[in-house]
**Student:** 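Have a look at this one.
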There are 2 protein chains.
Amino acid sequence: MTARTSRGRRPGAPDTRAEVLAAARASFAGKGFRGTTIRAVAASAGVDPALVHHYFGTKDDLFLAALEMPVDPRQLLVPVIAQGSDGAGERLVRTLLSVWDDPEHQVRLLAVARSVLSEDGATLLKDGFIPVVVGPALAQLVTDRPDVRVPLVASQVVGLIVTRYLIALPPMADMPAEDVVGRVGPVIQHYLTGDLP
Amino acid sequence: MTARTSRGRRPGAPDTRAEVLAAARASFAGKGFRGTTIRAVAASAGVDPALVHHYFGTKDDLFLAALEMPVDPRQLLVPVIAQGSDGAGERLVRTLLSVWDDPEHQVRLLAVARSVLSEDGATLLKDGFIPVVVGPALAQLVTDRPDVRVPLVASQVVGLIVTRYLIALPPMADMPAEDVVGRVGPVIQHYLTGDLP
DNA sequence: CGCACAATTCAACACATGATGAAAAACGTC
DNA sequence: GACGTTTTTCATCATGTGTTGAATTGTGCG
């Protein structure tokens, strides 16, 4: 939309760097890492591709820069765990939604989610995030058999994220957060503390 | 692995076409559509890239060919529905697993799943598959508010597929099918017929 | 055998992509 | 106002991709 021709520095003090970063976030969130091209990001920011490289070196660097200010999931889980097992399912879903529904976080989380799901970055989730970061925390909420319960929780959480945010399945995507909490929370609670065969 | 040099037709009667197709299936299943290159498929089949095009025209055609012999989900759901709402959750999970655990089906289903999740093919799931194909069928099992219950079922099913097959999360991936049925089935049943706020 | 046909590879094109280095234009400072 | 610095574009390269057409070798049929 921006017709830019002349070479050299632009007049005024436009924060082009921030625009590039925003464009990159949007593209990574929508199309994942492979689906994002430096040229498309540049075009969407109304800028020459070389400028993208000038500000953020390589494409990997740009990806990392787009993910800055991440959420520390362990930090978030602290209050969920502190109140014990009772109602932990609902608290967990509420906490999850509070960060995923925040647009600022959402673009970053979508970017990493897309890339984790599509490419071989699945290892990151499988060998890193779930067992190392989130597993031990959840294990504190669980009565027994954490090795079975934690992945069951993961399956419902992943399904929620995929349907509500990644593919934005209509009734799932625009359901008020508290409705989701009331409907999915009990299932999580069941996986955490209910009877399992 | 196969050192092939000489030009022209190979001696014997090797079914090269089938090998190419198998390589394509594996690659589409593992890396999705974008992540799959004709050259890689050809190399994996020990064959020149041009041969891939010779047998299956364009890359899109190859993708379609790799997906041949699909499962008709409506067909599969018939017996699940016929027996009524009681125990439908477990039957649904069992049916789902029976097709996804079959290696023959799995490569094809993984290919389409990967591509649906990564690229903008999400529309296919969102506007086509879930509301048109699977939604009306499930609606027959549901006591009330199908517009809420069907997507909830979808969220748990998607989560199951992603964790068990796409990222192969260890305890989820190698859990015996009947264990999954016993653990996830009741949750599906709850989404179908249980109390919802 | 001779000959049509199928199977297979080679060489190459056109294009998109990530990346680089040099040049031009505005800014800030003395 | 001169000058170094920052911001921006241009031109270009190397590489990987999908795709095509010609060339080569084996098979099967008369």
Side-chain angles (χ1 to χ4, degrees), chain A residues 1-28 30-66 111 115 118-120, chain B residues 1-25 27-28 30-66 111 114-115 118-120:
Chain A
M1 200 45 70
T2 30
R4 182 83 205 127
T5 34
S6 71
R7 200 129 105 163
R9 187 169 188 161
R10 300 181 184 180
D15 195 354
T16 324
R17 194 194 136 102
E19 284 177 36
V20 170
L21 198 53
R25 286 210 181 94
S27 180
F28 283 132
K31 311 184 197 253
F33 184 81
R34 274 226 172 99
T36 293
T37 92
I38 299 268
R39 286 170 152 86
V41 169
S44 156
V47 145
D48 190 275
L51 190 61
V52 179
H53 281 110
H54 173 66
Y55 279 130
F56 322 85
T58 156
K59 188 182 175 185
D60 294 326
D61 295 340
L62 177 62
F63 186 64
L64 291 185
S115 295
S118 68
E119 329 210 354
D120 36 18
Chain B
M1 201 57 65
T2 29
R4 183 81 203 127
T5 34
S6 70
R7 200 128 107 161
R9 185 169 189 157
R10 299 180 186 180
D15 195 353
T16 323
R17 194 194 137 103
E19 283 177 37
V20 171
L21 199 52
R25 287 210 180 93
S27 181
F28 283 132
K31 310 185 196 250
F33 184 81
R34 273 225 173 100
T36 293
T37 89
I38 299 271
R39 286 170 153 85
V41 169
S44 156
V47 146
D48 190 275
L51 190 63
V52 179
H53 280 107
H54 172 67
Y55 280 131
F56 322 85
T58 157
K59 188 182 174 184
D60 293 330
D61 296 341
L62 176 61
F63 187 64
L64 291 184
R114 277 240 144 70
S115 296
S118 70
E119 332 214 349
D120 36 19

**Student:** So, is A:T16 close to the D:dT7 phosphate, meaning a side-chain N or O under 4.0 Å from OP1 or OP2?
**Tutor:** no

**Student:** Atom CZ of B:R39 to atom C1' of D:dG16: distance rounded to whole Å?
**Tutor:**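 The answer, rounded to whole Å, is 7 Å.
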
**Student:** List the atom of A:R34, the atom of A:K59, and the distance in Å for their closest heavy-atom pair.
**Tutor:** O-NZ, 4.2 Å

**Student:** Which parts of residues 48-56 of chain A get close to DNA chain C, meaning a heavy atom less than 4.0 angstrom away?
**Tutor:** A:A50, A:H53

**Student:** Output the residues of residues 19-28 of chain A in contact with DNA chain D, where contact means a heavy atom of the residue under 4.0 Å from an atom of the strand; sort by number or write none.
**Tutor:** none

**Student:** State which residues pass side chain to side chain contact (heavy atoms under 4.5 Å, CB included) with A:A22; sequence neighbours excluded, sorted by chain then number.
**Tutor:** none

**Student:** Could you check how far CZ of B:R7 sits from P of D:dT25, rounded to whole Å?
**Tutor:**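 Between P of D:dT25 and CZ of B:R7: 8 Å.
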
**Student:** With a 4.0 Å limit, can you tell me whether A:T37 has a side-chain N or O closer than that to the phosphate oxygens OP1/OP2 of C:dA16?
**Tutor:**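 Looking at the OP1 and OP2 atoms of C:dA16, neither is under 4.0 Å from any side-chain N or O of A:T37.
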
**Student:** Identify, with sequence neighbours excluded, every residue that meets side chain to side chain contact (heavy atoms under 4.5 Å, CB included) alongside A:A26.
**Tutor:**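 For A:A26 there are no side chain to side chain contact (heavy atoms under 4.5 Å, CB included) partners, ignoring immediate neighbours.
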
**Student:** For the backbone of B:T36 and the side chain of B:S27, can you confirm whether one donor and one acceptor N or O come within less than 3.5 Å of each other?
**Tutor:**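 Answer holds: no.
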
**Student:** Over its full length, what angle do the end axes of the helix from C:dC1-D:dG30 to C:dC30-D:dG1 make, each axis taken from five pairs and the result rounded to 10 degrees?
**Tutor:** 0°

**Student:** What heavy-atom pair brings B:L62 and B:A24 nearest, and what distance separates the two atoms?
**Tutor:**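 Smallest heavy-atom distance, with atoms named: CD1-CB, 3.8 Å.
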
**Student:** So which atom in A:P49 and which in A:I38 form the shortest heavy-atom distance, rounded to 0.1 Å?
**Tutor:**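 Looking at all heavy atoms of both residues, the shortest contact is O-CG2, 4.1 Å.
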
**Student:** According to the ring pair (Phe, Tyr, Trp, His ring centres under 6.0 Å) rule, which pairs have a member within residues 41-64 of chain B, sequence neighbours left out?
**Tutor:**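 Qualifying pairs: B:F28-B:F63, B:F33-B:F63.
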
**Student:** Is the shortest side-chain N/O distance from A:T58 to OP1 or OP2 of C:dA19 below 4.0 Å?
**Tutor:**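 Looking at the OP1 and OP2 atoms of C:dA19, one of them is under 4.0 Å from a side-chain N or O of A:T58.
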
**Student:** In whole Å, I'd like the distance from the NZ atom of B:K59 to the P atom of D:dG16.
**Tutor:** 16 Å

**Student:** Return the value, rounded to whole Å, for the distance between atom CG of A:D60 and atom P of C:dG18.
**Tutor:**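 Interatomic distance, CG of A:D60 to P of C:dG18: 11 Å.
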
**Student:** Would you confirm whether A:S115, through its side chain, and A:A111, through its main-chain N or O, come within 3.5 Å as a donor-acceptor pair?
**Tutor:** yes

**Student:** Could you walk me through whether A:R25 and A:L21 pass the side-chain contact (heavy atoms from CB on, under 4.5 Å) test, one step at a time?
**Tutor:** CA-CA 6 Å; A:R25 286 210 181 94; A:L21 198 53; 3.6 Å; yes

